[in-house]
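Side chains included, hydrogens not; waters and symmetry mates left out as well; all remaining heavy atoms used.
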Amino acid sequence: MTNPQHGSTPRDPLRIADLVLQSRFFLGTAGYPSPAELQQSIQSSGTELVTVGIKRQTAEGRDSGSAWWTLIRDSGCHLLPNTAGCRTAHEAILLAQMARDIFETPRIKLEVIGDDYSLQPDPLELVKAAEALVADGFLVFPYCTEDVVTARRLLDVGCNILMPWGAPIGSGQGLANPSGLRRLRAAFPDVVMVVDAGIGAPSHAAMAMEMGIDAVLLNSAVSQASHPVQMAKAFGQAVDAGRLAYLSGVIPSQEFATPSTPTGGRPWF
């Protein structure tokens with residue numbers, strides 16, 4: 001499945017189980033001003049995978065659930081249901097099972113929140129839920145922090161993907177701990193890694209991709225933008241640019257100056 005709006009080269013697909021994605025930009029579907037703007041944002045972003053929730057909350061009630069579902073179904077995108085709002089492993093497992101029945105996919109973005117202020121994942125409940133869902137045949141996309149120990153536990157129970165946050169959900173801070181994300185990437189170089197949450201600007205997404213993150217998922221930065229459709233396009237292009245930069249080899253930063261034009265010899269003129 002390839003969105004014609006997307007500019008990535010087909011020689012660099014992202015493979016996640018049975019999915020082969022040309023776009024490395026994943027988009028949330030909540031909180032848009034209208035179904036039309038959501039539809040246009042999906043198209044302009046080039047995304048091929050969108051997140052969906054069972055208990056959908058619309059922006060001021062201006063769009064109906066049936067219209068939203070028709071739009072999502074007709075977009076042609078792959079679906080990634082989520083367990084947003086769950087506080088315990090038990091609650092997340094039940095919601096994931098409901099999502100599998102409703103959306104007919106084994107994929108689940110697993111969220112188990114442990115703190116009301118930061119909306120930080122609860123590592124103990126997260127690992128517990130992930131282990132049960134993997135055993136039940138789910139392809140689990142666990143929303144976690146950049147903590148290497150928690151990540152290792154998630155991999156040990158059968159997760160093949162990690163979704164570390166960039167910053168607290170909806171904060172727009174970008175990559176609050178880039179060094180931590182780099183350590184996580186270095187610790188698990190062969191694991192598919194998607195930065196999820198906290199991204200506020202296209203430059204944040206490009207930065208994540210430049211450090212070797214495989215994809216970026218966000219919602220509020222597009223849905224709450226002044227012009228969501230244009231912002232979705234900007235993010236899609238930023239993700240592409242960051243990936244291309246990573247593949248091209250970003251030069252390392254250093255504390256001292258190095259002349260870009262060597263001196264010496266005879267003037268060419």
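Under the 4.5 Å side-chain criterion, counting only non-hydrogen atoms from C-beta, Pro13 is not in contact with Leu21. Between Ile108 and Phe141 the shortest side-chain heavy-atom distance does not fall below 4.5 Å. Counting heavy atoms from C-beta on, the side chains of Arg152 and Phe188 come closer than 4.5 Å. In this structure, the side chains of Val195 and Leu217 stay at 4.5 Å or more apart for every pair of heavy atoms. Side-chain atoms of Leu162 and Leu155, non-hydrogen and from C-beta on, do get closer than 4.5 Å to each other. Val157 is not listed as a side-chain neighbour of Lys128, based on a closest heavy-atom distance of 4.5 Å or more. Side chains of Met231 and Pro202 form a contact here, defined as non-hydrogen atoms less than 4.5 Å apart. A 4.5 Å side-chain heavy-atom check between Met211 and Pro178 finds at least one atom pair inside the cut-off.
Rounded to the nearest 0.5 Å, atoms CG (Asn160) and CG (Leu154) are 11.0 Å apart. One distance of note links OG1 of Thr29 with CG of Leu71; it measures 9.0 Å at 0.5 Å rounding. Leu244 CG to Glu210 CD: the interatomic distance, rounded to the nearest 0.5 Å, is 10.5 Å. Note that the SG atom of Cys86 and the CG atom of Asp122 stand 12.0 Å from one another [nearest 0.5 Å]. One distance of note links CD of Gln40 with CD of Gln230; it measures 11.0 Å at 0.5 Å rounding. Atom SG of residue Cys144 and atom CE of residue Met163 lie 9.0 Å apart, to the nearest 0.5 angstrom.
Counting non-hydrogen atoms of neighbouring residues, nucleotides and ligands closer than 6.0 angstrom, the OH atom of Tyr246 reaches no more than 12 such neighbours.
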Side chain to side chain contact (heavy atoms under 4.5 Å, CB included) between Val52 and Phe103, worked out: CA-CA 9 Å; Val52 293; Phe103 298 111; 3.8 Å; yes
Intermediate values then yes/no, salt bridge (charged side-chain N to carboxylate O under 4.0 Å, His left out), Arg24 and Asp240: CA-CA 8 Å; Arg24 292 169 179 265; Asp240 284 350; over 6 Å; no
Criterion side chain to side chain contact (heavy atoms under 4.5 Å, CB included) on Leu139 and Val134, from CA distance to verdict: CA-CA 7 Å; Leu139 177 61; Val134 168; over 6 Å; no
Trace of the side chain to side chain contact (heavy atoms under 4.5 Å, CB included) decision for Leu175 with Ile199: CA-CA 7 Å; Leu175 306 185; Ile199 299 294; 3.8 Å; yes
Side chain to side chain donor-acceptor pair (under 3.5 Å) evaluation trace for Asn82 with Glu111: CA-CA 7 Å; Asn82 65 62; Glu111 295 184 32; 5.0 Å; no
Check against side chain to side chain contact (heavy atoms under 4.5 Å, CB included), Gln22 and Asp12: CA-CA 7 Å; Gln22 304 304 330; Asp12 182 37; over 6 Å; no
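Between Ile42 and Ile72, the closest heavy-atom pair is CD1-CD1, 4.3 Å. In terms of heavy-atom proximity, Gly200 sits nearest to Ala221 at O-CB, 3.8 Å. For the residue pair Val194 and Pro164, the shortest heavy atom distance occurs at O-CD, 3.3 Å. Between Pro121 and Leu126, the shortest heavy-atom distance links the atoms CB-CD2, 4.5 Å. Residues Leu110 and Ala130 come closest through the heavy atom pair CD2-N, 3.5 Å. A pairwise comparison of heavy atoms in Ala84 and Leu95 identifies O-CD2, 4.4 Å as the closest pair.
A donor and an acceptor atom, one from each side chain of Asp115 and Gln120, are nowhere located under 3.5 Å apart.
No side-chain donor-acceptor contact under 3.5 Å links Thr51 to the backbone of Pro81. With hydrogens and angles disregarded, a donor-acceptor distance shorter than 3.5 Å links the side chain of Thr88 to the backbone of Glu91. The main-chain N or O of Ala238 is never found under 3.5 Å from a side-chain atom of Arg243 such that the two would form a donor-acceptor pair. Within the 3.5 Å criterion, the main-chain N or O of Val229 finds a donor-acceptor partner in the side chain of Ser44. Of the possible donor and acceptor atoms, none in the side chain of Ser171 sits under 3.5 Å from a partner among the backbone N and O of Ala167. With Arg107 contributing its side chain and Phe138 its backbone, the two residues share no donor-acceptor pair below 3.5 Å. Side-chain N or O atoms of Glu125 include one that pairs as donor or acceptor with a backbone N or O of Ala89 at under 3.5 Å. Without hydrogens or angle criteria, Thr47 side chain to Phe25 main chain gives a donor-acceptor distance under 3.5 Å.
Using a 4.5 Å cut-off between side-chain heavy atoms of Ile, Leu, Val, Met, Phe, Trp and Tyr, with links allowed through other members, Met207 and Leu184 fall into the same hydrophobic cluster. At a threshold of 4.5 Å between side-chain heavy atoms, the hydrophobic network of Ile, Leu, Val, Met, Phe, Trp and Tyr places Leu94 and Val140 in two separate groups. At a threshold of 4.5 Å between side-chain heavy atoms, the hydrophobic network of Ile, Leu, Val, Met, Phe, Trp and Tyr places Ile93 and Leu124 in two separate groups. When hydrophobic clusters are built by joining Ile, Leu, Val, Met, Phe, Trp and Tyr residues whose side-chain heavy atoms come closer than 4.5 Å, directly or via intermediates, Tyr32 is not grouped with Ile169. Placement of Ile102 and Leu133 within a single hydrophobic cluster is found when ILVMFWY residues are connected by side-chain heavy-atom separations under 4.5 Å, directly or transitively.
Between Trp165 and Tyr143, the ring planes are perpendicular. Angles over 60° get that label, and only those under 30° would be called parallel.
We find that Asp214 and Arg185 are joined by a salt bridge, their nearest charged nitrogen and carboxylate oxygen being less than 4.0 Å apart. Salt-bridge check for Arg87 with Asp116: passed, with a basic side-chain N closer than 4.0 Å to an acidic carboxylate O. The pair Asp196-Lys109 counts as a salt bridge, with a side-chain nitrogen and a carboxylate oxygen less than 4.0 angstrom apart.
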